[in-house]
Amino acid sequence: MAIRFFNSRTRRTDELTPLRGDEVSIYVCGMTPNSHPHLGHARTFLTFDVLRRHLRSRGLKVRYVQNVTDIDDKIIERAAADKTPWSDIVARFYGEYEACAHQLRIADPDVLARATNEMDEITAMIAQLVELDKAYETADGVYFKVKSFSRYGELSGRQIDELRAGSRIEVREQKEDPLDFALWKKAKPGEPTWPSPWGPGRPGWHIECSAMSRRHLGDQIDIHGGATDLIFPHHENEIAQTESCTGLHPMAAIWMHAGLLNVDGQKMSKSLGNFMPLVDVLKRHSWAAIRYFFLQTGYRKPTNFTDAALEAATKGLRGLYADIEALRATAGDRPARSDRIAEAEEFDALLDDDLNTAGAVGWLQKRLKAERTASAQRDGSPQAAVALAERCLAVLGLPATVDEAGLTQAESSLRLTDAARLSLRIIAGDGHSDDRKLIDRVVAIRWAAREAKDFAASDRLRDVLLKSGIAVKDSKAGSEWTVIENE
RNA sequence: GGCGACAUAGCCAAGUGGUAAGGCAGGGCUCUGCAAAAGCCCGAUCCCCAGUUCGACUCUGGGUGUCGCCUCCA
């Protein structure tokens, strides 16, 4: 049962062989809270959430560290624009991310590493690099000597010569080489600062990850993750920094990169301004459907988000729960059969293979459908199937029931227009009850008409309700109504 | 221009050297006063060309196309 992942570093699918027994160390680059978290963030962190769940279900101990780069140029810019302290910007956007992550049931990292909490480690690492002659100080900061690191470009498959042609020096920078990147930025007036041997300032973008992964996980780790857009320059630079300090290679055995998210066929990015704020998406779609949407596709594939696709995912997930509910109902009146043990090995094996969640979901669906057929013929073991389903869903981070998934029509979405309310009141002969009771009453009147086989009246009432945004479903037991989803 | 990924039914999407999971949409049927919901059934030879092979969608070579990165970005 080898667990393997596509490794950006080797461009192959490599087996996971933990450096320390059954403990897997994972470092994932988190967000820089300089703007609203978007659906792309969710995709990435959902990917690593499922990774964690799967490794744990495989009996491995996972130590998962994720960082927050809580100081950078854009945070400072934003703070200046909003005339508020930089820490407020961080609190606001990171708080927004955490709230969304919790809604999506993304487990908290074992260690949440904040750059501004680890300035000692960061400055110590920079000092070490200077000491080793891998970095140098200038008037405006400290820079890493890219040409001092022979493996530079290995992760991203880039040649130093080619990079040099495309790079350029910012006006105020005083680098020895255009490729060199900042480890420490000396503060300009009014900027937030931390003390350092080179004077007050702040870290460059990449050094915090090197310092924090080393501090919390050690000189070498099993898996380093992020989205593909971080491969260059961020992860390339991290490698240069860390491996220059430790002298060990590779700093991470496996580099896993989640594919980027497109919106309506276009690249989503902060600079293009077309990104989907997570809070908005969570208002329009259930958290479980969002998870399911991403589970249905490979984590490395670029994925196109559309509301229609999310709707399709929602329906698909409802269908999955319908099967589970049917099995629960069947299981209820039947003695448990111990001769059929829930067998999840195939499911697990699919996830072992580069986290094939799409295959795993398909497998589960097929399995439940088959079990449902078998159980209907009194030849299955619905209890075992339900147990299997719950177990698999847990690994995927999905809840055991529809209700928990938030897929049932939200009561809060009930909203009658004044005209609709008026006509319902007239029909019900009731001017006081709230909308909910009012609808119940009209539905009851219609049911009575139906019982009396006055179908003309019954259909007329259904029509009125429909125009008010209420759909009625009849069954032998009675009528149920739901709010019609708009959009 | 450089590096890389991908190319499977209307759409989304797994997958194996021996004739292609699953989901959505669509069609048919059952149920139902009708409708809705639900259940059952139905669909592709896998971008093109050449090669390897008893046999390739799956391997090799070439081509075409789409996308990403190369600048801040999950």
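Chain naming here is simple, since letters A, B, ... match the order of the sequence lines and numbering starts at 1 in each.
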inquiry  = Over all strands shown, is Leu364(A) touching base, sugar-phosphate only, or nothing at heavy-atom distances under 4.0 angstrom?
reply    = nothing

message = Walk along nucleotides 39-45 of chain B from 5' to 3' and tag each nucleotide B, S or - by protein heavy-atom contact under 4.0 Å, base first, then sugar-phosphate.
response = S------

inquiry  = Could you work out, with salt bridge (Lys or Arg N to Asp or Glu O under 4.0 Å) as the rule, every residue matching Glu243(A), not counting sequence neighbours?
reply    = Arg151(A)

remark   = Rounded to whole Å, CD of Gln365(A) lies from P of G22(B) at a distance of 9 Å

key: Rounded distance in Å - CD (Glu311(A)) to C1' (C24(B))   = 11 Å

message = Nearest whole Å is fine: how far is A5(B) P from Phe232(A) CZ?
response = 18 Å

ask   = Considering residues at least two apart in sequence or located in another chain, which fulfil the ring-ring contact (aromatic ring centres under 6.0 Å, His included) criterion with Trp287(A)?
value = none

ask   = Between atom CG in Leu260(A) and atom C1' in G4(B), what is the gap in whole Å?
value = 13 Å

inquiry  = I'd like to know if Arg462(A) reaches the base of C34(B) with its side chain, counting only an N/O donor and acceptor under 3.5 Å.
reply    = yes

Shorter than 3.5 Å, N or O on both sides, protein versus nucleotides 12-15 of chain B: list them out with atom names.
unit_1: A14(B); atom_1: OP1; unit_2: Gly298(A); atom_2: N; d: 3.0
unit_1: A14(B); atom_1: OP2; unit_2: Lys301(A); atom_2: NZ; d: 3.4
unit_1: A14(B); atom_1: O3'; unit_2: Asn356(A); atom_2: ND2; d: 2.8
unit_1: G15(B); atom_1: OP1; unit_2: Asn356(A); atom_2: ND2; d: 2.8

Pairs touching residues 228-241 of chain A that satisfy salt bridge (charged side-chain N to carboxylate O under 4.0 Å, His left out), sequence neighbours left out = none

inquiry  = My understanding is that only residues two or more places apart in sequence, or in another chain, count here; which of them pass salt bridge (Lys or Arg N to Asp or Glu O under 4.0 Å) with Arg63(A)?
reply    = none

query = Between residues 99-111 of chain A and RNA chain B, which residues have a heavy-atom gap below 4.0 Å?
reply = none

key: All ring-ring contact (aromatic ring centres under 6.0 Å, His included) counterparts of Phe232(A), not counting sequence neighbours   = none

query = What's the CG-P distance between Asp474(A) and U32(B), to the nearest Å?
reply = 13 Å

inquiry  = Can you list everything that forms a ring-ring contact (aromatic ring centres under 6.0 Å, His included) with Phe144(A)? Sequence neighbours excluded, please.
reply    = Phe181(A)

query = For the side chain to side chain contact (heavy atoms under 4.5 Å, CB included) test, which of Val50(A), Asp354(A), Thr357(A) pairs with Tyr299(A)?
reply = Asp354(A)

key: Rounded distance (Å) that lies between atom C1' of U71(B) and atom NE2 of His206(A)   = 11 Å

task = Give Gly226(A) one of three labels, base, sugar-phosphate or nothing, depending on what nucleic acid heavy atoms sit under 4.0 Å from its own.
result = sugar-phosphate

task = Return the value, rounded to whole Å, for the distance between atom NE2 of His41(A) and atom C1' of A74(B).
result = 5 Å

task = For Lys369(A), check salt bridge (Lys or Arg N to Asp or Glu O under 4.0 Å) against everything at least two apart and list the hits.
result = Asp323(A)

inquiry  = Tell me every residue that passes salt bridge (Lys or Arg N to Asp or Glu O under 4.0 Å) with Arg158(A), counting only those two or more places apart in sequence or in another chain.
reply    = none

key: side chain to side chain donor-acceptor pair (under 3.5 Å) against Ser8(A), all qualifying residues, sequence neighbours excluded   = His257(A)

